[in-house]
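Naming convention: chains lettered A, B, ... in sequence-line order (proteins, then strands); numbering from 1 in each chain.
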Amino acid sequence: MVPERFEYHRASSVDDAISRLGRLGEGSKLLAGGHSLIPLMKLRLVRPSAVVDIGRLSDLRYIRDAGDYIAIGSLTRHCDLECSSLLQREVPLLPHVAGVVGDPAVRHRGTIGGSLAHADPASDLPAAVMALDGRLVLRGSHGDRIVAVTEFFRGFWETALGHEEVLTEVQIPKGTAGWAYQKFTRRAFDWAIVGVAVVATARGTVQVALANVAPTTVRATGTEQALREGASPAVAARRAVDGLRPASDINATSEYRSHLAVVLTRRALDKALA
Amino acid sequence: MGGRHCRSDDGETSIMRAGAGEVWRREDRRLLTGDGKYVADLLLPRLLFISFVRSPVAHGVIRSIDCTGAREAGSGAQVVTAVEAAGWFKPLCAPYVGRGYSPTEYPPIAAGKVRFAGEIVAAVVCEDAATAEDVAERVFVDCEPLPTITTIDEALAPESVSVHERLSGNVYVDEAGAIGDVDGNRSEAAVVVEDVFRTQRLSAAPIECRGTIAAFDRGVRRLTVWTATAVPHVIRYGLAECLGLSEQQVRVVVPEVGGSFGNKTALYPEDVIVAAVAMQYGRPVKWVEGRRENLIASTHGQEERIWLRLSCDPDGRMRSLESDIVVNGGAYSSYPDTPCNEALNCAQSLVGPYRISHYRYRARAVATNTCPNGAYRGVARPGANFAMERLIDMMAREVGIDPIEIRRRNLVASNEMPYRTVTGLDRDSGDYVSALNTAVSALDYGNPSARRAAAGQGRKVGIGVSCFAEEGAWGTPRRIPRQTSAIAGYDGAAVRMDAHGSVTVLISAVSSGQSHETVFAELAASELGVPMSRVTVRSGDTDLTPYGHGSTGSRSAVSTGGAVIVAARRLKSQLLELASHELGCPVQELVSDCGVIRNRRNPSAVVEVEKLARRAYRRIAPLASDAEPGLEAVAYYDPPAHGVSSFAVHAVSVAVDEDTGKVEILKYVIVEDAGRLLDVRVVDGQIHGGVAQGIGKALFEEVVYSEDGQPMTSSLGEYLAPYAPEVPDLQVVHQCSPSPLTIGGMKGCGESGVIGVSAAIGNAIADALGGAVKPNRLPYSPERVWRLVEEARARKGAAGGRARAKEQE
Amino acid sequence: MVSVSIVVNGLERQCDVEPRLLLVGFLRDVLGLTGTHIGCETSSCGACTVLVDGESVKACTVLTVQADGSEVTTIEGLAQPDGSLHEIQQAFGAEHALQCGFCTPGMIMAVASLLKSQREPTDRQIRDALEGNLCRCTGYQNIVKAVHSAACMLRGQSYGLQTAGNAAGAGGAGVASGLEAGLRMTAGFSTEGQDGT
């Protein structure tokens with residue numbers, strides 16, 4: 001089983017990638033680690049006419065202390081996040097979540113930028129970045145723009161990223177006071193049936209992000225609101241899927257998925273706020 | 001491996017500890033270095049590749065197949081539809097004429113109508129595999145959709161569409177029978193329990209998918225087929241039938257097989273097409289299956305609906321059992337098993353290891369627009385065991401007797417053996433009650449402190465057991481009533497010693513992981529009295545080995561083992577004749593051991609086997625005047641007429657997360673009686689792997705179809721075979737009661753591990769949740785268990801409400 | 001076609017490849033290294049696991065062009081040039097950690113990656129590290145034992161001695177090779193100069 005034929009372009013820089021995407025048109029796709037894109041190409045669910053490989057742009061693979069936030073290059077791999085002492089110290093949720101993505105082989109190749117740009121609602125890292133109130137740097141031919149992760153996901157596998165844009169950096173604000181990630185799967189290796197990331201900040205706010213209960217990664221606004229109004233974690237958790245209609249699939253009906261979201265939100269809050 | 005080893009001091013052959021003989025399996029070195037060659041690894045000159053175009057719909061009439069795009073692709077690829085292939089082959093039709101069975105045909109390439117999503121509608125033949133895939137993508141099948149049925153209940157509904165015009169009411173087989181006075185016993189019984197049990201559709205999912213290469217030599221008009229199968233002689237027979245060849249024109253060669261678990265025990269449409277294309281094009285042809293194809297279009301197994309009614313006396317002794325079994329047979333009757341295998345096997349296995357004298361059954365298999373039913377490890381027995389053992393727990397609760405105790409009272413006792421069940425199976429040896437007691441004590445059953453410790457907040461702990469007798473190694477007499485002429489019930493072995501004294505054992509069985517090269521070398525060496533290092537086992541070539549069934553149904557240790565023993569004994573007697581002549585003493589005084597034959601009475605009278613071998617081939621005197629040249633013996637062994645049964649008890653403790661329904665296995669114990677063990681580590685490995693698959697069935701795996709027959713589990717991300725984190729360490733205890741019925745005392749146990757798991761886990765879940773709930777549907781997905789938790793809470797609430805109401809009265 | 005240069009089992013390979021050629025296809029079909037197996041399309045089974053620059057990677061989810069300039073180690077490159085098996089291979093053989101052998105090369109490469117970072121993994125760590133490698137035969141129990149055994153050998157200890165009562169332990173072969181293992185450990189999985197084909 002192989003992908004359909006495509007043109008291969010190896011970008012020499014981000015700007016080169018952007019200009020190639022422009023030249024090659026809508027049928028072209030960016031390739032980072034390839035762990036989201038290549039399986040889809042093999043199953044021929046995605047058939048790019050051309051692939052622009054940015055995987056070798058090592059200047060996009062970094063984790064840096066940038067003062068009040070941590071700057072993470074978009075080609076930083078899950079295994080890099082997992083092992084980063086800087087992240088473990090400043091935003092421990094992120095290395096923890098990176099460590100529950102896929103298996104070690106997937107974590108050796110998968111990148112944080114690829115994971116965000118692919119925008120699968122069942123992904124773990126987007127939920128973590130959303131709970132951490134992350135910002136994304138998108139570079140286009142006219143320079144950089146910064147988008148809050150809450151504004152980034154537009155639909156199932158859809159993002160605010162323009163065709164001629166490259167996600168270059170993820171910015172994670174410092175100041176985690178408590179955190180938790182609850183991932184519910186049938187098997188350890190599987191995608192989350194429901195995932196709940198919670199971050200309690202040093203400022204006293206609590207951010208809750210949910211994986212796989214909506215077409216995109218979302219914030220549990222009902223729960224956050226309830227917490228702001230002083231509700232207990234157990235009570236606030238009951239509002240985890242307010243306004244959402246989780247889908248049914250072979251692993252969970254909508255009803256059960258909603259129930260799981262509540263249970264996992266409660267557990268995550270209990271842990272993060274303990 | 002932990003093998004047989006020669007001891008020279010007393011001249012006896014005995015079993016030594018592991019490590020004293022050959023530590024490794026014979027198979028291991030090449031498999032560990034990447035030198036093992038599976039079908040996908042084989043190449044031939046001028047090879048053509050095939051990619052199949054498969055039906056996108058579950059049920060429909062083919063209006064047209066548009067190959068324009070494919071032909072325009074300019075790759076030189078050929079598209080073969082049923083039109084092009086007219087006259088190339090006959091449809092697959094299992095040679096089965098059992099009672100209540102209606103035969104149907106399975107056309108290798110769909111003609112006119114498609115009956116399941118994934119059915120082959122065309123084959124693309126091309127110079128390379130990737131281009132074949134590209135071209136197959138450009139073949140468009142236009143179908144007029146027909147109503148689709150996917151479930152047993154839909155198939156049986158009176159107004160349902162017919163999957164096959166030839167079948168009445170979508171029923172492949174409908175067989176019923178009764179033994180004893182069922183109604184009388186039930187009406188006199190103190191307690192009667194009944195329920196419907198449902199087991200899900202499974203995929204065997206061997207890690208190696210299927211694959212076939214065929215080459216036709218036009219000069220000698222012979223077809224050679226390299227294929228991943230466990231039953232080469234069945235494949236040869238079936239291919240010859242479909243292709244209009246005689247069996248001698250077909251040679252089936254089996255390279256390494258990367259797991260079968262029943263999935264590689266059928267002749268498939270792909271095999272027939274690959275062979276036919278090779279014959280038509282005059283070039284060798286290769287097809288290697290993709291995982292999606294394997295998951296949607298090979299065979300599935302074990303989707304059953306089983307209704308049971310069981311009655312007992314006030315002391316829990318069983319009186320009568322009634323069953324109504326329906327198997328989802330899928331869109332076609334598989335070759336050679338047919339869905340009868342699952343349905344009838346279930347009917348006869350249900351009585352289990354218990355004393356039941358009054359039994360009535362009805363067994364059906366129905367057609368639906370889903371992938372055909374075929375063998376998967378255990379076939380009907382995991383389902384039968386699940387239903388029966390769950391029902392016994394329900395009965396125990398009803399009659400107020402501990403579930404372990406009620407089993408003790410009903411298990412066939414060792415002093416009753418050999419015991420023939422009402423379904424005609426022999427429970428030949430062993431101590432079932434003691435095995436149960438051993439399992440229960442190993443589990444620390446009923447230890448309240450351990451139970452409390454494991455429970456913790458929001459978790460409930462339960463324990464469960466299941467007992468089963470597994471009939472392995474079906475012999476020809478067990479097959480005759482079913483008249484499946486494609487399947488022999490016996491296996492064959494030829495044991496040959498060459499002029500250097502080296503021994504080659506040729507067997508009809510094929511290993512797909514069962515260690516035949518090691519186990520049967522050990523066995524032949526110990527029978528012959530030569531070092532194991534002198535013995536080589538070969539298999540998987542119909543031109544080379546004796547005829548036989550192959551490796552299915554827990555049979556090889558018994559049937560191939562039996563054949564190896566008989567053949568080796570025959571060869572040994574030839575050697576003893578030669579030695580007798582050489583040493584001038586009667587055969588009765590001779591012993592063969594460690595490669596030498598000696599006179600028991602005169603230690604100095606010794607002759608090396610090697611020397612005798614040289615004599616036998618070179619005709620060097622002194623030889624008896626009537627001695628034939630060569631050293632070779634062939635034997636066939638047909639297992640006992642009423643089967644041979646291994647026995648096992650599975651005991652498990654689980655914790656149920658009440659909030660999520662997730663089940664964690666805390667401890668798992670298996671007590672197994674597989675008779676004489678040829679190699680304990682191989683047996684343990686079979687049990688470990690079987691239990692892992694059983695855990696898959698109990699908790700994870702399920703082939704799912706949408707209502708319109710689209711396969712929803714077409715990757716290993718969706719079909720949930722368990723990985724290492726999902727399988728706990730297992731404790732295996734052996735009770736080895738050699739079977740008095742088989743040569744060598746072996747009993748089959750290749751499928752044993754998988755059989756008892758669902759029931760044991762189900763009983764443990766019921767125990768954890770308070771027993772009133774009925775976890776009678778598989779798998780125990782978290783959602784399903786969560787719903788049981790909610791149901792248990794509701795019952796408790798209702799009961800509490802009733803109690804309070806009563807107090808207030 | 002794209003020109004690539006990949007060091008496979010110590011030998012530099014220069015080829016022109018189609019961009020869509022997967023690394024597993026390059027290894028199997030171009031180089032004839034068929035020890036790396038294909039069990040699925042979706043990086044679910046792990047049968048195709050190889051080491052790329054020392055890290056485990058599923059070769060069915062990597063394009064050959066992505067591996068350009070890398071060092072790849074396959075199952076064929078794990079044994080010593082004289083044919084003596086790597087500790088992990090020895091341990092798998094001694095512990096009966098394989099049956100049909102189809103998942104084995106991928107499983108062993110995944111273990112090789114694990115034991116580079118974890119010298120003494122626990123049961124849980126071993127099972128977690130193998131969470132993406134399917135085995136349908138063994139039930140994993142003997143695989144876990146084999147990983148412990150290999151880790152012991154690589155640390156220069158004897159697994160058999162450490163787990164008294166384990167009659168089916170590494171046996172003689174394991175003890176002997178354990179002594180050599182300590183010396184070889186520093187060499188890691190470097191296979192420079194070997195002809196893995």
Side-chain angles (χ1 to χ4, degrees), chain B residues 1-2 17-19 23-25 27-38 40-41 130 204-209 256-261 288 290-292 511-515 680-682 684-693 695 715-717 721-725 727 729-730 753, chain C residues 18 20-21 25 28-29 33-45 47 74-76 78-79 85 89-90 92-94 96 98-105 108 123-124 126-144 167-174:
Chain B
M1 298 298 300
R17 67 188 161 77
V23 178
W24 284 30
R25 296 190 314 161
E27 296 86 344
D28 283 341
R29 188 174 167 104
R30 64 175 187 269
L31 298 179
L32 285 165
T33 54
D35 291 320
K37 297 291 176 214
Y38 301 82
D41 305 335
I207 308 299
E208 182 208 29
C209 295
E256 305 286 351
V257 179
S260 165
F261 317 112
V288 176
R291 177 58 61 187
R292 182 179 154 80
S511 173
S512 49
Q514 298 91 337
S515 322
V680 66
R681 296 175 72 194
V682 169
D684 282 347
Q686 290 292 312
I687 293 169
H688 291 167
V691 171
Q693 288 180 331
I695 288 171
S715 79
L716 291 174
Y723 294 95
V727 182
D729 265 338
L730 309 168
Chain C
E18 254 199 288
R20 68 167 167 171
L21 181 67
R28 290 177 53 82
D29 301 335
L33 295 171
T34 54
T36 303
H37 297 149
I38 301 173
C40 73
E41 289 93 49
T42 48
S43 40
S44 307
C45 79
T74 71
I75 190 71
E76 289 92 342
L78 211 54
L85 296 183
Q89 292 168 313
Q90 291 176 32
F92 268 61
H96 188 33
L98 65 157
Q99 290 179 27
C100 82
F102 198 79
C103 76
T104 307
I108 285 177
D123 266 24
R124 182 47 41 203
I126 294 168
R127 287 183 183 272
D128 285 348
L130 300 177
E131 67 189 331
N133 287 75
L134 264 182
C135 171
R136 204 63 167 150
C137 291
T138 65
Y140 306 101
Q141 189 155 333
N142 289 349
I143 291 177
V144 174

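Contact between B:Gly258 and C:Cys100 at its shortest, heavy atoms only, is C-SG, 3.3 Å.
Here the side chains of C:Gln99 and B:Gln686 are in contact, with some heavy-atom distance below 4.5 Å. In this structure, B:Ser515 and C:His96 have side chains that are in contact, with non-hydrogen atoms separated by less than 4.5 Å. In this structure, the side chains of B:Leu32 and C:Gln90 stay at 4.5 Å or more apart for every pair of heavy atoms. When side chains are defined from C-beta on, B:Leu31 counts as touching C:Leu98, because their heavy atoms get closer than 4.5 Å.
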Would you please test C:Ser44 and B:Tyr723 for side chain to side chain contact (heavy atoms under 4.5 Å, CB included) and show each step? CA-CA 10 Å; C:Ser44 307; B:Tyr723 294 95; 3.9 Å; yes

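Heavy atoms closer than 4.5 Å to chain B are found in the side chain of C:Thr104, but not in its backbone. In this structure, the portion of B:Arg29 lying under 4.5 Å from any heavy atom of chain C is its side chain and not its backbone. Contact of B:Val691 with chain C is not made at all, since no heavy-atom distance falls under 4.5 Å. With a threshold of 4.5 angstrom between heavy atoms, B:Glu208 approaches chain C through its backbone and through its side chain. Of the two parts of B:Ala130, the backbone and the side chain both hold a non-hydrogen atom closer than 4.5 Å to a non-hydrogen atom of chain C. Heavy atoms of C:Asp123 lying under 4.5 Å from chain B belong exclusively to its side chain.
The main-chain N or O of B:Ala692 is never found under 3.5 Å from a side-chain atom of C:Tyr140 such that the two would form a donor-acceptor pair. Side-chain atoms of C:Arg136 come within 3.5 Å of backbone N or O of B:Ala204 as a donor-acceptor pair. In terms of modelled atom types and a separation under 3.5 Å, the side chain of C:Arg127 and the main chain of B:Ala724 share a donor-acceptor contact.
Residues satisfying the side-chain hydrogen bond (donor to acceptor under 3.5 Å, both in side chains) test with C:Gln89, not counting sequence neighbours, are none. Residues that satisfy the side-chain contact (heavy atoms from CB on, under 4.5 Å) test with C:Gln141, not counting sequence neighbours, are B:His688, B:Asp729, B:Leu730.
In terms of heavy-atom pairs under 4.5 angstrom with chain C, the leader among B:Val257, B:Leu716, B:Asp35 is B:Leu716.
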